[in-house]
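Inspection log for the structure reproduced underneath, given as structure tokens.
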There are 2 protein chains.
Amino acid sequence: MAWDVEGTKRRIYEAALSEFAEHGPDGTTVDRIAKRAQINRERVYNYYGDKSKLFSAVIRSELDKIAAAVPLVITCAADVGEFAGRTFDYQRAHPDLARLVLWEGLSDTGSVSDEIVRTELYAGKAKAVAAAQQAALIDDTLDPAHLIFLVIALSSYWSAAPQIARMLSGSDVRDSAEAAHRRAAVVHAARQIAAPRRAGTRHPDGTTTTG
Amino acid sequence: MAWDVEGTKRRIYEAALSEFAEHGPDGTTVDRIAKRAQINRERVYNYYGDKSKLFSAVIRSELDKIAAAVPLVITCAADVGEFAGRTFDYQRAHPDLARLVLWEGLSDTGSVSDEIVRTELYAGKAKAVAAAQQAALIDDTLDPAHLIFLVIALSSYWSAAPQIARMLSGSDVRDSAEAAHRRAAVVHAARQIAAPRRAGTRHPDGTTTTG
DNA sequence: CCCGGATCCAACTGCAACGTTGGTGTTGGC
DNA sequence: GCCAACACCAACGTTGCAGTTGGATCCGGG
């Protein structure tokens with residue numbers, strides 16, 4: 001088996017994922033990707049076009065994976081916590097993803113590759129939230145999109161800004177006790193945000209009404 | 001006024017801040033900095049050594065400014081919301097700083113400049129939270145450091161991952177109505193996280209006790 | 001007027017990375 | 001066994017940027 005096209009592509013992909021996550025689109029060199037994948041630089045161009053296309057391919061595929069791995073089904077507020085916890089777990093298991101998203105955000109110049117497809121994907125999640133809100137399963141104070149976003153933020157920022165997490169908590173994600181502790185905090189916070197109000201409803205502008 | 005050394009340095013500094021914030025350390029060229037500052041490239045080397053020294057100088061100085069910008073005083077759960085809102089405002093008002101910090105985080109290789117000083121700063125905030133928890137002003141389920149972190153995450157992720165915010169909410173931060181909407185969501189969520197439990201306490205592991 | 005320091009400028013070296021190309025070896029169909 | 005297509009690779013041309021240098025220019029003070 002001298003030719004292993006799929007294997008070669010996969011190795012390029014994996015090497016690219018690591019390199020991009022570590023150094024970002026600008027800091028990454030095609031040569032290092034090739035070295036890491038143990039193939040010739042030219043193969044990269046042959047299979048993926050150029051560096052930016054490779055970056056797009058990687059980020060898109062990784063986002064597809066997380067979307068598939070962490071579905072969102074809501075029957076109660078605790079489900080939102082569960083979603084947050086699983087997102088947290090996924091981020092921890094795939095620290096490269098959080099960094100990719102950040103690199104993408106920093107390079108953001110008004111729009112992003114596959115923006116339309118990805119928008120649809122988020123719209124689906126927002127729809128699930130909206131449905132749960134209408135069924136009064138969860139708090140309906142927040143805009144569904146904002147609620148989703150905030151929950152993702154809670155789960156993702158740990159790996160997005162590890163230096164802040166480290167300075168605050170004093171320890172490292174690699175400490176699994178600390179990781180469990182963090183996860184619990186994320187789940188708890190997400191539940192609190194989603195929990196339906198009991199007596200009165202506190203609106204985002206600070207006023208409170210009774211329903 | 002042919003000689004305005006301080007002025008020249010300052011113009012280099014400001015140009016560097018903008019360029020670094022926009023393109024990151026790798027994506028920035030000394031030439032563009034010089035053009036923007038309307039000085040010769042050679043001046044940059046004369047005053048700041050080289051590009052990486054200039055970057056360090058900029059980030060360090062900007063972080064000094066951040067330090068005292070958003071104090072944290074807690075007398076009730078709403079104060080935590082207030083803190084979140086002000087952090088959000090700060091991020092929005094100083095997008096350059098937010099991006100610099102992110103770039104720093106991405107380049108993070110185990111520790112960060114001024115890490116000790118900044119750790120103290122966060123410790124102070126955590127202490128304020130701990131005191132408020134002991135006085136039963138806010139929920140004491142969460143570790144103080146984690147609570148702070150989560151609130152910062154809520155406030156910061158918008159500018160950290162603007163592409164996701166855009167895909168979810170469909171509009172842009174520059175739309176000030178949307179910005180206000182987002183801010184309200186952040187404040188609300190932070191309050192919910194900090195709000196003291198009424199009847200029972202739901203622990204992060206999912207169990208519930210009555211106090 | 002002349003000196004010394006600040007600034008500007010253009011050209012240069014050196015290098016690193018992008019993306020390409022021509023050639024070599026490999027495979028599978030005929 | 002031959003050949004066309006394909007995988008692989010080394011070397012190349014090009015570009016863009018970092019950082020340097022030598023000199024021209026400008027300015028204030030003596």
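Chain letters run A, B, ... following the sequence lines, proteins first and then strands; every chain starts at 1.
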Of the nucleotides dC17(D), dC8(C), dC12(C), which has the atom closest to the T29(B) side chain? dC17(D)
Of all the choices, dC12(D), dG19(D), dC8(D), which nucleotide is nearest to the side chain of Y45(B) once you look at every atom? dG19(D)
Could you state the NE2-P distance from H23(B) to dG16(D), rounded to the nearest angstrom? 15 Å
Could you state the CD1-P distance from I12(B) to dA6(C), rounded to the nearest angstrom? 14 Å
How is S52(A) classified with respect to the nucleic acid when contacts are heavy atoms under 4.0 Å: base, sugar-phosphate, or nothing? nothing
Whole-Å distance separating the CZ atom of F20(A) from the C1' atom of dA17(C): 13 Å
Please state how far atom CD1 in I39(B) lies from atom C1' in dA10(C), giving the value in whole angstrom units. 15 Å
So, do H146(A) and W158(B) have ring centers that fall under 6.0 Å from each other? yes
Nearest-Å distance for atom pair NZ/C1', residues K35(B) and dG16(D): 12 Å
I'd like to know if the side chain of K51(A) and the backbone of P25(A) have a donor-acceptor N/O pair within less than 3.5 Å. yes
How close or far is atom P of dA6(C) from atom NZ of K9(B), stated in whole angstroms? 10 Å
Between S169(B) and R182(B), do the side chains contain an N or O donor and an N or O acceptor separated by less than 3.5 Å? yes
To the side chain of K51(B), which of dC8(C), dG19(C), dG19(D) is closest? dG19(D)
Of the nucleotides dC17(D), dG19(C), dT20(C), which one has an atom closest to the side chain of E42(A)? dT20(C)
Is the count of non-hydrogen atoms from other residues, nucleotides or ligands lying under 6.0 Å from K65(A) atom NZ greater than 12? yes
Measure from the side chain of V5(B), starting at C-beta and using heavy atoms only, and say which of dA6(C), dC17(D), dA10(D) lies closest. dA6(C)
Would you mind telling me which of dC8(C), dC8(D), dA18(D) lies closest to the side-chain atoms of V30(B)? dA18(D)
By nearest-nucleotide position on DNA chain D, the 5'-leaning member of N40(B) and N46(A) is N46(A)
Answer yes if the side chains of D139(A) and T141(A) hold a donor-acceptor pair under 3.5 Å, and no otherwise. yes
Regarding Y48(B), tell me which of base, sugar-phosphate or nothing describes its non-hydrogen contacts under 4.0 Å with the strands shown. nothing
Between dC18(C) atom P and F55(A) atom CZ, what is the distance in whole Å? 14 Å
Separation of dC18(C) atom P from R43(A) atom CZ, nearest Å, is 17 Å
Residue pair R41(B)/D50(A) against DNA chain C: nearer the 5' end by closest nucleotide is R41(B)
When you match G27(A) and G49(A) each to their closest nucleotide on DNA chain C, which lands nearer the 5' end? G27(A)
